[in-house]
Amino acid sequence: FLKKNLGMKIVTRFAPSPTGNLHIGSARTALFNWLFAKNTKGKFLLRIEDTDKARSTEESINKILDGLKWLDLKWDGKIVYQSKNQKRHSETANELLDKGLAYKCFCSEDDLNKMREEAKILKKPFRYNRMWRDKDPNDAPKDVKPVIRIKAPTENESIINDIIQGTIKVSNEEMDDFIIMRSDGTPTYMLSVVVDDHDMNVSHIVRGHDHLTNTFRQNIIYDAMKWEKPKTAHIPLIL
Ligand code: GLU
């Protein structure tokens, strides 16, 4: 793998959410990103994903930084705080909206609850039924603040060529039109992570296997923006 990628500028990142201690799984993720970057004369960047204001704390940020220092995992450049990039995330959501690759969804809590009930009866996982995907926004109720959803592909399949897991295929029927902007105008993790990884020129994402389904979703945003996707390596979880 290293031979194949020789000559390529490797940029990895560690992107913890500061909602608690630096646990052993995150420490290992950081270590692997650091090792890969150092072994290839690349860069190891640190991004604090602090957009969830209710759960992010200064104390956790300090614990993460202390932990990394204690492990002697030095990051390159300045720490990126995701919350500072929110304007750029919103601009991207609006660009997708303008291009018709995303849409405003005016579903009420009631509409969503009905979909949840239906899914329960059919014993299927809940999936938003795309009711606003092709509707005229002029029909929108005045009292509902919309979220912005991405238009996910509905046909064929999506493929990830993961450095560790190999080729993984998922039918696009499994994809949903997930939310990229909440009704209060704040971007979701799914959008922020893609915009930041792109803007930080991240070439390789090394993270836990629990993020594999996120990668399929995040790739939809990369494709919509016509951005080059970073390579991914999903490492098994510590059990
Ligand atoms: N902030 C995410 C987490 O702590 C990780 C994001 C990522 O690696 O893409 O789980």
Side-chain angles (χ1 to χ4, degrees), residues 10-37 42-68 71 73 75-86 88-89 92-93 150 158 160-165 168 170 178-182 186-223 225 227-239:
I10 305 283
V11 180
T12 69
R13 55 39 163 205
F14 176 49
S17 304
T19 54
N21 285 325
L22 178 71
H23 57 79
I24 188 75
S26 300
R28 187 184 64 153
T29 299
L31 174 66
F32 284 7
N33 277 288
W34 180 86
L35 280 171
F36 183 37
K43 281 206 160 70
F44 169 65
L45 308 180
L46 175 61
R47 181 172 72 236
I48 302 287
E49 304 215 309
D50 57 345
T51 45
D52 184 347
K53 284 289 163 210
R55 294 176 60 226
S56 303
T57 65
E58 201 56 43
E59 193 194 347
S60 299
I61 295 178
N62 289 332
K63 279 185 181 163
I64 291 167
L65 300 184
D66 285 349
L68 290 175
L71 290 164
L73 301 180
W75 56 90
D76 294 301
K78 281 204 181 130
I79 302 173
V80 174
Y81 289 90
Q82 187 158 63
S83 59
K84 299 224 168 95
N85 299 337
Q86 282 196 353
R88 168 90 180 115
H89 305 157
T92 307
I150 190 91
S158 296
I160 292 176
N161 289 313
D162 192 76
I163 295 165
I164 294 174
Q165 315 255 345
I168 306 155
V170 164
F178 57 87
I179 298 174
I180 54 175
M181 284 275 272
R182 299 185 191 88
T186 56
T188 58
Y189 156 73
M190 218 57 81
L191 174 67
S192 304
V193 78
V194 171
V195 177
D196 286 353
D197 282 335
H198 173 75
D199 287 357
M200 291 163 74
N201 294 317
V202 171
S203 67
H204 289 75
I205 296 178
V206 182
R207 62 184 174 188
H209 179 73
D210 50 332
H211 279 289
L212 188 62
T213 51
N214 287 340
T215 300
F216 277 102
R217 297 169 126 199
Q218 287 157 14
N219 282 351
I220 298 172
I221 303 177
Y222 282 104
D223 287 340
M225 291 302 294
W227 286 343
E228 194 184 336
K229 298 182 197 76
K231 295 193 176 9
T232 60
H234 289 89
I235 51 182
L237 302 183
I238 299 176
L239 301 173

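Treat the numbers as computed from the prediction; the structure is a model and nothing was measured. In each ligand, atom 1 is the first atom listed, and ligand 1 is the first ligand listed.
- Evaluation of the salt bridge (charged side-chain N to carboxylate O under 4.0 Å, His left out) test over residues 199-214, restricted to residues two or more places apart or in two chains, returns R88-D199.
- Residues E59 and N62 form no side-chain contact, since every pair of their non-hydrogen atoms from C-beta on lies 4.5 Å or further apart.
- Between F36 and H204, the ring planes lie perpendicular to each other; the angle is over 60°, past the 30° to 60° tilted range.
- Sorted by first and then second residue, the salt bridge (charged side-chain N to carboxylate O under 4.0 Å, His left out) pairs with a member in residues 75-85 read K38-D76; sequence neighbours excluded.
- In this structure, ligand 1 sits under 4.0 Å from heavy atoms belonging to R13, A15, P16, S17, E49, Y189, V193, R207, H211.
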Side-chain donor-acceptor pairs under 3.5 Å in residues 15-22, sequence neighbours left out?
unit_1, atom_1, unit_2, atom_2, d
N21, OD1, K63, NZ, 3.0

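- A pairwise comparison of heavy atoms in D50 and Q82 identifies OD1-N, 3.2 Å as the closest pair.
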